[in-house]
Amino acid sequence: MEAYLHSDVPFDPSVQGGAPSSYWVGPRHLAGDDGRLYDVVADTLAGLGWTSLVIVRGRQEPDEAPEDRQVLRSTVLHISPDSLRWAQWVLPDEPFHLGDLPIAWQVSARTDLRSPLAQWSAYFTPEVPGEALGAFLTALDAREQPTLSLGGPELVTAAVGAHGWMRDVDQFGQGMVDPTFASHVRLGEVPPLIQDGDPLVLVTAVGDAVPVGWQAWAEPVFGAGYLWATSFGAGVPHDLVAAFADSLSSSAPVLRRVLPESTRDRLLRAPAV
């Protein structure tokens, strides 16, 4: 049975009188992360058999009891069984920002266990739909060689194009935009600090080729700030980005209890029963 989505259904889990506490909402790319981005991704990785480690960094004064130690930063690291790919929950770890939003998850992969350096990394801020990030990680886990691209950029544009997204003529580079012009995916110059390979190489010399990678973001109201943003380093395989983009642009509704303030009035919703 099909559940119809209505934009005028009140969304307030605290309402009494038998009102549903959760709703099916769409479009997915404006639905946010339900305040559960860590839990959703961590559950996905646990289901894939990845190991989680907690890295705590702090400061303890002389003669200070261990329970009084000041914890400065804490990072949760998830590692694949072959140790060639990993995902870090870096939000508590004073991450750098992307589109004025803090990075929440950083996903990386390498080719050789002998190298401690990532071959590529991808970055995701809060409010990225957990379903899309989960699709990216599931596709990454299924790859025997996580750094080998299995297709070109047309995989990404075809994925969102199949869900009604259009060519974005206002963006320099190869880009697509959703029918409401709120969300974008674009292949172009990567932002500063989004690097592949050696993290010490943060600048390029004059005349060097500029790194090109996929970016995606949602800006519900132009100039009013981003809802979420992602950045894929130049080395991220196009087919993995396509898995993310396919889920992000899917027309299938997602279950939510909490909606972003900036998109609440733009979402279609139906009570989850």
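Residues: numbered from 1 along the sequence shown.
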**Request:** Evaluate the criterion side chain to side chain donor-acceptor pair (under 3.5 Å) for residue pair Arg256 and Ser22; output intermediate values, then yes/no.
**Result:** CA-CA 6 Å; Arg256 293 290 186 268; Ser22 57; over 6 Å; no
**Request:** Under the side-chain contact (heavy atoms from CB on, under 4.5 Å) rule, what do Tyr226 and Glu219 come out as? Steps first, then yes or no, please.
**Result:** CA-CA 5 Å; Tyr226 299 104; Glu219 190 178 15; 3.9 Å; yes
**Message:** Between Val40 and Asp33, is the side-chain contact (heavy atoms from CB on, under 4.5 Å) condition met? List the steps.
**Reply:** CA-CA 9 Å; Val40 169; Asp33 62 11; over 6 Å; no
**Item:** Check against side-chain contact (heavy atoms from CB on, under 4.5 Å), Arg167 and Met176
**Value:** CA-CA 4 Å; Arg167 185 74 62 182; Met176 302 285 284; 4.2 Å; yes
**Item:** Pair Gln215-Val185, side-chain contact (heavy atoms from CB on, under 4.5 Å): steps then yes or no
**Value:** CA-CA 6 Å; Gln215 321 300 315; Val185 293; over 6 Å; no
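Taking hydrophobic clusters as Ile, Leu, Val, Met, Phe, Trp and Tyr residues chained together by side-chain heavy-atom distances below 4.5 Å, Phe181 does not share a cluster with Leu248. When hydrophobic clusters are built by joining Ile, Leu, Val, Met, Phe, Trp and Tyr residues whose side-chain heavy atoms come closer than 4.5 Å, directly or via intermediates, Phe222 is not grouped with Leu30. Each of Phe232 and Val177 belongs to its own hydrophobic cluster when Ile, Leu, Val, Met, Phe, Trp and Tyr are linked at side-chain heavy-atom distances under 4.5 angstrom. When the side chains of ILVMFWY residues are joined at heavy-atom separations under 4.5 Å, either directly or via intervening members, Met166 and Leu155 end up in two distinct hydrophobic clusters. Using a 4.5 Å cut-off between side-chain heavy atoms of Ile, Leu, Val, Met, Phe, Trp and Tyr, with links allowed through other members, Leu84 and Trp86 fall into different hydrophobic clusters.
Looking only at side-chain heavy atoms (C-beta outward), Thr125 and Ile103 come within less than 4.5 Å of each other. By the 4.5 Å heavy-atom criterion applied to side chains, Gln174 and Thr157 are counted as neighbours. Side chains of Val107 and Ser121 form no contact here, defined as non-hydrogen atoms less than 4.5 Å apart. For the pair Val25 and Val254, the minimum side-chain heavy-atom distance is below 4.5 Å. Annotation: side chain of Trp24 is in contact with side chain of Leu255 (closest heavy-atom distance under 4.5 Å). Contact annotation: the side chain of Leu240 approaches that of Pro237 to within less than 4.5 Å [non-hydrogen atoms, C-beta and beyond].
Listed by chain and number, the residues in a salt bridge (charged side-chain N to carboxylate O under 4.0 Å, His left out) with Asp112 are Arg114 (sequence neighbours excluded). The salt bridge (charged side-chain N to carboxylate O under 4.0 Å, His left out) test applied to Asp178 returns no partner, not counting sequence neighbours. Considering only residues two or more places apart in sequence or on other chains, Trp50 meets the ring pair (Phe, Tyr, Trp, His ring centres under 6.0 Å) condition with none of them. By the side chain to side chain contact (heavy atoms under 4.5 Å, CB included) test, Ser247 is found to be paired with Arg28, Glu131, Ala132, Ala135, residues two or more places apart in sequence or in another chain being considered. In terms of the ring pair (Phe, Tyr, Trp, His ring centres under 6.0 Å) criterion, residue partners of Trp105 (sequence neighbours excluded) are, by chain and number, Tyr38, His78, Trp89. Residues passing the side chain to side chain donor-acceptor pair (under 3.5 Å) test with Thr44, sequence neighbours excluded: none. Residues satisfying the side chain to side chain donor-acceptor pair (under 3.5 Å) criterion with Ser80, sequence neighbours excluded, are Asp82. A search for side chain to side chain donor-acceptor pair (under 3.5 Å) contacts involving Ser250 returns nothing, not counting sequence neighbours. The side chain to side chain donor-acceptor pair (under 3.5 Å) test applied to Thr51 returns no partner, not counting sequence neighbours. Judged as a salt bridge (charged side-chain N to carboxylate O under 4.0 Å, His left out), and not counting sequence neighbours, the contacts of Glu261 are Arg264.
A donor-acceptor pair shorter than 3.5 Å cannot be found between the side chains of Thr147 and Arg110.
Tyr23 OH to Leu267 CG: the interatomic distance, rounded to the nearest 0.5 Å, is 13.0 Å. Remark: Ser108 OG to Leu77 CG distance equals 9.0 Å, nearest 0.5 Å. Residue Gln106 holds its CD atom at 4.0 Å from OH of Tyr123, rounded to the nearest 0.5 Å. The distance from atom CG of Asp141 to atom CG of Leu45, rounded to the nearest 0.5 Å, is 8.5 Å.
Residues in residues 145-165 take part in these ring-ring contact (aromatic ring centres under 6.0 Å, His included) pairs, two or more places apart or across chains: His29-Trp165. Each side-chain hydrogen bond (donor to acceptor under 3.5 Å, both in side chains) pair with one or both residues in residues 232-241, not counting sequence neighbours, appears once here: Arg143-Asp239, Trp214-His238.
Judged by distance alone, the side chain of Arg85 and the main-chain N or O of Pro146 form no donor-acceptor pair under 3.5 Å. Side chain of Asp34 to main chain of Val258: a donor-acceptor pair is present (N/O by atom type, distance under 3.5 Å, no hydrogens or angles).
Aromatic pair Phe124/Phe136: ring centres closer than 6.0 Å.
The only member of Leu140, Val128, Val236, Leu137 that meets side-chain contact (heavy atoms from CB on, under 4.5 Å) when paired with Phe244 is Val128.
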